[in-house]
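Okay, so here's the structure we're looking at.
Every chain is numbered from 1, with letters handed out A, B, ... down the list of sequences.
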Amino acid sequence: MSTSYNPEIVELDAQKYWDDDHSFEVSEDANKEKYYCLTMFPYPSGKLHMGHVRVFTINDVIARYQRLQGKHVLQPMGWDAFGMPAENAAIQRGIPPAKWTYANIEDMHGQLKRLGYAYDWSRELITCKPEYYRWEQWLFTKMFAKGLVYRKKSIVNWDPVDQTVLANEQVIDGRGWRSNALIERREIPQWFMKITDYADELLNELDHMAGWPESVKTMQRNWIGRSEGVELSFDVNDENESLIVYTTRPDTLMGVTYMAVAIEHPLAKKSAASNPDIAAFIEQCKQTDAQEATLETMEKKGMSLGMSAIHPLSGEEIPLWVANFVMMTYGTGAVMAVPGHDARDWEFAKKHGLPIKQVIAPQDGTDIDVKAAVYLEHGVLVNSGQYNGLDSDTAFNAIADHFEKTGLGSRKVNYRLRDWGVSRQRYWGTPIPIIYCDDCDAVPVPEDQLPVILPENIEVKGTGSPLKDIPEFVNAPCPRCGKAARRETDTFDTFIESSWYFARYACPDSDSAMLDNRAKYWAPVDQYTGGIEHAILHLLYSRFFQRVMRDEGLTDISEPFTNLMTQGMVLKDGAKMSKAKGNTVDPADLIKKYGADTVRLFMMFAAPPEQSLEWSDDGVHGSFRFLKRFWSAVISHAAVGKVNVLDISILTDAQKDLRRKVHQTIVKITDDFGRRHSFNTAVAASMELFNAVNKFRDMSDNGRAIEREALESIVLMLSPIVPHICHALWQELGHESALIDQSWPEHDESAIAFELVEIVVQVNGKLRSRISVAVDMSKDEVEKNALADENVKRFIGDNNVSKIIVVPGKLVNIVV
RNA sequence: GCCCGGGUGGCGGAAUUGGUAGACGCAGCGGACUUAAAAUCCGCUAUCCGAAAGGGUGUGUGGGUUCAAGUCCCGCCCCGGGCACCA
């Protein structure tokens, strides 16, 4: 082996060894403790970017660490292959999405191999293949049979020029990205999955998921948004149907001064039919995209419907409005407005001159003016007739009881979570296995006719789905009556593919079932790593799908991911790396220049995994320099020859110090890897130990034996991060068997023991001195030593010592 | 607008349970080696005052709790992620 570090030779050699040895291919072994270590699979966009390299390296470090801990590790990789970019590429370049996607997968596969990840490539999944997506079609038909899917109208972004539905991303400042036309909200029929049936379970289980970050659990809790309230009905003058509203504040019921419905609400539609002004207003409100952020930040607009509802307690007439901020998708699409005690209602009332009435007063009796400022707190009821004087909680129950007795309302638990709309009006996705028959309505495709295969050789124009233009695809006999019928041309949301792929890795070749017995061995995923941007949608959908699969008898597991790590983004010049901003760094260029190990090392060293990482070319160079120094230090140590067995009975102080440092570092790095996932500090600790070895320079038998112990420990402990160089250095150190088959180093408690400890002395909390004391010295003795220090005496001066705090082994604080 | 994060030297970051702020690395400065450059090696490096010893200040910002606050509490500012059709 060469004395200078040549990463390309070292890395290709190690990779060849792993390939020839099939080192990372695993099968089910009941005698070994399994460890399933997974990263969120990539979309095959064409080129690997730094964000990919970061997440894959983090996961690879964990996988390799767990292997050294003796676990039977599965780390698979695959491709989330359906999605919009393939259609965009197809429009721009005239290549079918399938062709573009498969070419990208091939390129990126090669780039991943060059990074040396410990993947079991024999399990590689590609979600756009019928062998994969047939099973989600199958599950959909099972869900259909159980009533877990249904069709209803829902709102999409409609581009009136391109005559097509746009994704939120394709709407820029309210306009279509290609046509530049103003986008409209439009209702079309779509398929939904009843995730709300699982809302309570998805919510409650979060309390038992100790391996998930608190922030992600909080986001999911808030997203599900369970609330307890009362649903009640208001009669509407001259109408047969009453208006149903949901409120979490029935205690403010007597403060209702108006009501508002969404523009899609039946009452609004009915008014619009006879009143052109209202119709015009609704049309105007439709001139916007369908994003919640747009809805929440836009100007609050409304118009009186000229109708009124009857207050169920007072019998007063309450004016009825239509407003753009009421969402048809939450609650009943109608709200009772209490401007005195709700911020949005208050703002709207002020703008439109609607009355504001105080019905809640502060508990402490303070006077407030709700016309000047909204009062949101709970308190004591006023201006509320028989409920006056009750506190908010008591009033909640009294009013709820009243409505339940009269039958005009009832207590209700509501969720912010909505059912999952899975229809997409796009080509490049899994065909929804439904056939529409004039007589039998929507009929699921029977199991023996699955999969419904997506034709791949196709031209995409960007105006509606090309599937509609393929008669061989669209025309199909009704599976129930045999009459000529039409196939659904919408495809599934691509989140469906990513909601179960983690389970399929266990049995990627199973052609008789979605999951087989092998899945029982590997599930659940022990460690899941991916971007924080997936905190809600992907992770919630996966938790839902896992339960659907469970209830279908495919698995006993409810939670798919035991431990979750969400890694931060890769930034350059303070912004997320993106083509649009022109601040990308191509991993391939860096690997060519420095090798994969340097890139991996920098990624792990530059920032803790959960934080965003600021890219630095200089920093990469520093990592390369460290590897070069590490290489030559080990090579020159090995060149001297074999070392003798260490005799710990005759160690010098310097030898004891280095040995202590070695074993302290083992303790620290083990904790950093295993418990804290703090890879940046693990690297720093390795560097510190390495610096200590370099300063050591002791060619005695014991000296060389300790140096060997130190270098071998560093090689083993850095190997999850820089596996290639460590593979080579392990051989240089004279070992026959491969590094990946070794065990993680264990520390020697006796090496860590020390006699003296440095204690900090503060006077009034300010650092004034340091004293060195015996490790077992009593508190009184430590105090005496501290008070005897010259600088400490100077700061105490003539003052009386009022208190002394001693933190054993750490500090003394003298308060004067 | 709502939900979740983050803000520490010139830069990336460390400080794990309220107990020494700035580990480790980069950049910079000084030196060694070299015809020279690169590479490598050694030393210094928060800031202000001071010859030094030592001292003052300092973790976005304003308050508070505590013997002690980067860490806990309250308010504010700024940056990032998500908001259901980007993945």
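Backbone-only contact: A/E688 has heavy atoms under 4.0 Å from sugar-phosphate atoms and none from a base. Contacts of A/R625 with the nucleic acid, taken as non-hydrogen atoms under 4.0 Å apart, involve only primed sugar atoms and P, OP1 or OP2. Counting non-hydrogen atoms under 4.0 angstrom, A/W420 reaches nothing in the nucleic acid. Using a 4.0 Å heavy-atom cutoff across all strands shown, A/Q190 reaches at least one base atom of the nucleic acid. Residue A/F626 is out of contact with every strand shown, counting any heavy-atom pair closer than 4.0 Å. Within 4.0 Å of A/Q425, counting heavy atoms only, lies at least one base atom of the nucleic acid. In this structure, A/H538 reaches neither bases nor backbone, as no heavy-atom distance under 4.0 Å exists between it and the strands shown. Contacts of A/V815 with the nucleic acid, taken as non-hydrogen atoms under 4.0 Å apart, involve only primed sugar atoms and P, OP1 or OP2. Across all strands, A/R221 comes closer than 4.0 Å to no nucleic acid atom at all (heavy-atom distances). Contact annotation for A/P608: backbone-only contact, meaning every heavy-atom pair under 4.0 Å involves sugar-phosphate atoms and none involves a base. The residue A/M298 sits apart from the nucleic acid: no heavy atom pair falls under 4.0 Å. At the heavy-atom level, A/A606 lies under 4.0 Å from the strands shown only through sugar-phosphate atoms. Contacts of A/V683 with the nucleic acid, taken as non-hydrogen atoms under 4.0 Å apart, are absent. Residue contacts for A/S802: at a heavy-atom cut-off of 4.0 Å it reaches no nucleic acid atom on any strand shown.
B/rA38 and B/rG50 are spaced 41 Å apart, taking the C1' atom of each and rounding to whole Å. The gap from the C1' atom of B/rG19 to that of B/rG25 amounts to 27 Å, rounded to the nearest Å. The P atoms of B/rU35 and B/rG43 are separated by 25 Å, rounded to the nearest whole Å. Comparing B/rU17 with B/rC86, their C1' atoms are spaced 42 Å from each other, to the whole Å.
The nearest whole Å value for the distance from the CG atom in A/L417 to the C1' atom in B/rC3 is 14 Å. Between the CD1 atom of A/I536 and the P atom of B/rG81 there is a distance of 15 Å, rounded to whole Å. Distance A/Y5 OH to B/rA39 C1': 16 Å, rounded to the nearest Å. The nearest whole Å value for the distance from the CD atom in A/Q611 to the C1' atom in B/rU16 is 15 Å. Separating the CE atom of A/M40 from the P atom of B/rA87 is a distance of 15 Å, rounded to the nearest angstrom.
Taking the side chain as every heavy atom from C-beta outward, A/Y5 and A/F624 approach each other to under 4.5 Å. Looking at A/D80 and A/E497, their side chains come closer than 4.5 Å, going by heavy atoms from C-beta outward. Using a 4.5 Å heavy-atom cutoff, the side chains of A/Q190 and A/Q425 are in contact.
Between A/N691 and B/rG25 there is a side-chain polar atom (N or O) within less than 4.0 angstrom of OP1 or OP2. Contact annotation: A/K766 does not reach the phosphate of B/rA21 (side-chain N/O to OP1 or OP2, under 4.0 Å).
The residues A/K351 and A/E299 are annotated as salt-bridged, a charged nitrogen and a carboxylate oxygen being separated by less than 4.0 angstrom. In this structure, A/K350 does not pair ionically with A/E347, as no charged nitrogen and carboxylate oxygen lie closer than 4.0 Å.
Between A/W420 and A/Y541, the ring center distance clears the sub-6.0 Å criterion.
B/rG9 shows a glycosidic angle within 90° of 0 and is accordingly assigned syn.
Of the possible polar contacts, one joining the A/D789 side chain to the A/V792 backbone as a donor-acceptor pair under 3.5 Å is found.
When distances run from any side-chain atom of A/L811 to the nucleotides B/rG19, B/rC85, B/rA14, the shortest one goes to B/rG19.
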